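Since the structure comes first, as structure tokens, the remarks are kept for the end.
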There are 2 protein chains.
Amino acid sequence: MRVSGQRRTTIKDVAEAAEVGVATVSRVLSGTGFASPATREKVLAAAARLDYRPSALGRNLRRQRTGGIGLLIPDITDTFYARLADGVLTCAQSAGEPVMIGTTGDDPEREAQLIGSLIEESVDRVIAVPSGDGEMWGPAFRAGLSVVFAERPVQGRENVPSVVTDDRSGVRTAVEYLAGLGHRRIAFLARHGQAQRARAFREALAALGVPVDEELIVRAHASRDSAYAAASGLFQHRPDLTAVLAGGNMLGEAAVLAARELDIRVPRDVSLIMFDDVPWAELCSPPLTVISQPAQDMGYRAAELVLREGRRSRTVTLPTELIVRGSCGPRR
Amino acid sequence: MRVSGQRRTTIKDVAEAAEVGVATVSRVLSGTGFASPATREKVLAAAARLDYRPSALGRNLRRQRTGGIGLLIPDITDTFYARLADGVLTCAQSAGEPVMIGTTGDDPEREAQLIGSLIEESVDRVIAVPSGDGEMWGPAFRAGLSVVFAERPVQGRENVPSVVTDDRSGVRTAVEYLAGLGHRRIAFLARHGQAQRARAFREALAALGVPVDEELIVRAHASRDSAYAAASGLFQHRPDLTAVLAGGNMLGEAAVLAARELDIRVPRDVSLIMFDDVPWAELCSPPLTVISQPAQDMGYRAAELVLREGRRSRTVTLPTELIVRGSCGPRR
DNA sequence: AACCATGATGGAATCGTTTCCATGAGGGTG
DNA sequence: CACCCTCATGGAAACGATTCCATCATGGTT
């Protein structure tokens, strides 16, 4: 314990203190290679005595890679992504891996920038909720990163392992439930990047013989303001709709708010189903019927996937569940 | 653009391509030192042609520090901390600094572990919502980290810059408001680590001449389950209370849930004020009266503080605001 | 004309670790 | 007894950047 201005204790100091070579210290401490019990003891004692912590900097430079996981999500303020991040962190921390986080705001350009910065930092494992198309991931793959996509796959990168929710089935369940209540003019509030869900929505309608009205499919960006604008605009332009499926919790929140603002009562005037179950869905008035998604699990699985780099694994699809509460009623 | 198995382009490659020395390349690219316009041009061209990105690893090792910011929060799932993290990320990303995030779960031991891992990674700037006492931060200061505390100060480390909310004033406002409605038996649901607020709560009661009932001050850990248990236990043990102040949004959520479960109506039977304004507070039934805190701003300011390392600055105190909605009523 | 200040430049050391390789000791087998 | 194989060990190279320092050229001053 020296005064400030001290030099970091290095492996060399330990070697000196233990009266062995640095190579031996490295071998003992990293557990690889041979060492006699006596030497091992000496080294361990010296390391403990000097309170030695190996520098990740030196190790990483030599190994030509940074341990750790890069995590790219659209918005940490969205509880869905927060839970996803929590899953990643839980897995990563139990594996002792640091996590570098970045938020893209669903902006491909910012995503590209963050990818660049991860490459610069030699982070070689990335979990991402991709915003853009597959192109911007070119540099990442060229640099040899192992990537796992979460929540959404990327078209054109089908062989990249991904962990996604079963959008098709989730959307179908919701649409069938609404149709069963008599609804025909059902709107879908989607975020950019949810093309998959929009497609599933069209398919589900078509399967039920309901004509698809493209004007009822509205897109918003990953921000509260954008979500509110989309929801409010939808209600105002199309007062004839009787049900809304919100593609995420922020869109659901916006829908409730916009409906309240416009004096549209839920579920009397409009039925509402929201993707993603969040704690407040139950506290809301009325309690929201939702399609729950295992966000935290998704993050955890993605982290597992990206950590066992060896085996190439296909994409994992996680199930959704319809939780009926009080925000849907028969067509008025 | 080579096939896989390629070597990273290094500064040496650029030097060769530009027909100059590596030192010159470094000077040009990092902007320091002298270089003739002609050479500068050559270097820049070569770097662009080879798509050169300097390795952060090499730089960091030489500089003996990692750029970037370590961020330690109790729970990323709590929207308050998510917003705080968002503020940090916004500032850090606009400064081009990577952020390493870790969640402590308000567990001092995990916190200590994460601090250790930050030191190992040579991260030299940390923003933390501290869980434990000042002791575990010893190693961090000894290692020369520059630390900024957020949300809570740490006793015994008063000279560490911090960004906190004005707990005293926030609590006082809430208590005075409740007292003004006639409430006397007011409970406080606190999280561990909110000793500051509990103290302010006692002071505010004392200032109003209301006797302090220690049994009405209940503590929970940073998890939904713990919060619910605390809230439910409180309502069951003390059916005589008429108002509750929740120290955080998860505690408020738990209080609403527990009250509903026990058939306690808000605000008829019990008035409720929650610390931290969240989007769902308005959607809740009844809409929740809250003490809003500038969480995102707090994170941003903390990041600013930790980034301009030079000047030592005192702690910043951010104001709170009482937002009256519908969860408080006169004493029954 | 000699000298010096200044700017441009590149070689080489350095950061802390891992890992390759050479060396040496010791024991078992032919 | 010679030989070889194995294990233990340490020196030194490598990773990729920054930066100190020496060298050299140039132009201005005395």
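From a predicted model like this one, the values you see are computed outputs, not experimental measurements. Chain naming here is simple, since letters A, B, ... match the order of the sequence lines and numbering starts at 1 in each.
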Among the candidates [options], find the nucleotide nearest to the side-chain atoms of [X].
{"X": "S55(B)", "options": "dT9(D), dG16(D), dG10(C)", "answer": "dG16(D)"}
{"X": "F34(A)", "options": "dT18(C), dA8(D), dT9(D)", "answer": "dA8(D)"}
{"X": "S26(A)", "options": "dT19(C), dG16(D), dA12(C)", "answer": "dT19(C)"}

- Query: Is D78(B) salt-bridged to R191(B), cutoff N-O under 4.0 Å?
  - Reply: yes

- Task: May I ask you to decide whether D106(A) forms a salt bridge with R152(A), counting only side-chain N to carboxylate O separations under 4.0 Å?
- Result: yes

Rounded to whole angstrom units, what separation is found between the [atom1] atom of [X] and the [atom2] atom of [N]?
{"X": "R53(A)", "N": "dT17(C)", "atom1": "CZ", "atom2": "C1'", "answer": "16 Å"}
{"X": "E19(B)", "N": "dA8(C)", "atom1": "CD", "atom2": "C1'", "answer": "17 Å"}
{"X": "R65(A)", "N": "dT19(C)", "atom1": "CZ", "atom2": "P", "answer": "9 Å"}
{"X": "E121(B)", "N": "dC15(C)", "atom1": "CD", "atom2": "P", "answer": "21 Å"}
{"X": "R27(B)", "N": "dT9(C)", "atom1": "CZ", "atom2": "P", "answer": "8 Å"}

- Message: Can you confirm whether more than 12 heavy atoms, excluding those of E158(B), are under 6.0 Å from its CD atom?
- Response: yes

- Rounded distance [0.5 Å steps], OG1 in T66(A) versus CG in N60(A): 4.5 Å

Touch check for [X], heavy atoms < 4.0 angstrom, all strands: base, sugar-phosphate only, or nothing?
{"X": "S36(B)", "value": "sugar-phosphate"}
{"X": "L61(B)", "value": "base"}
{"X": "A23(A)", "value": "base"}
{"X": "L57(A)", "value": "nothing"}

- Query: Is there a donor and acceptor pair closer than 3.5 Å between the side chain of R62(B) and the base of dT18(D)?
  - Reply: yes

- Query: So which one's nearest nucleotide on DNA chain C is more toward 5', G58(B) or G21(B)?
  - Reply: G21(B)

- Axial bend angle, the helix from dA1(C)-dT30(D) to dG30(C)-dC1(D): five-pair end segments, nearest 10°: 70°

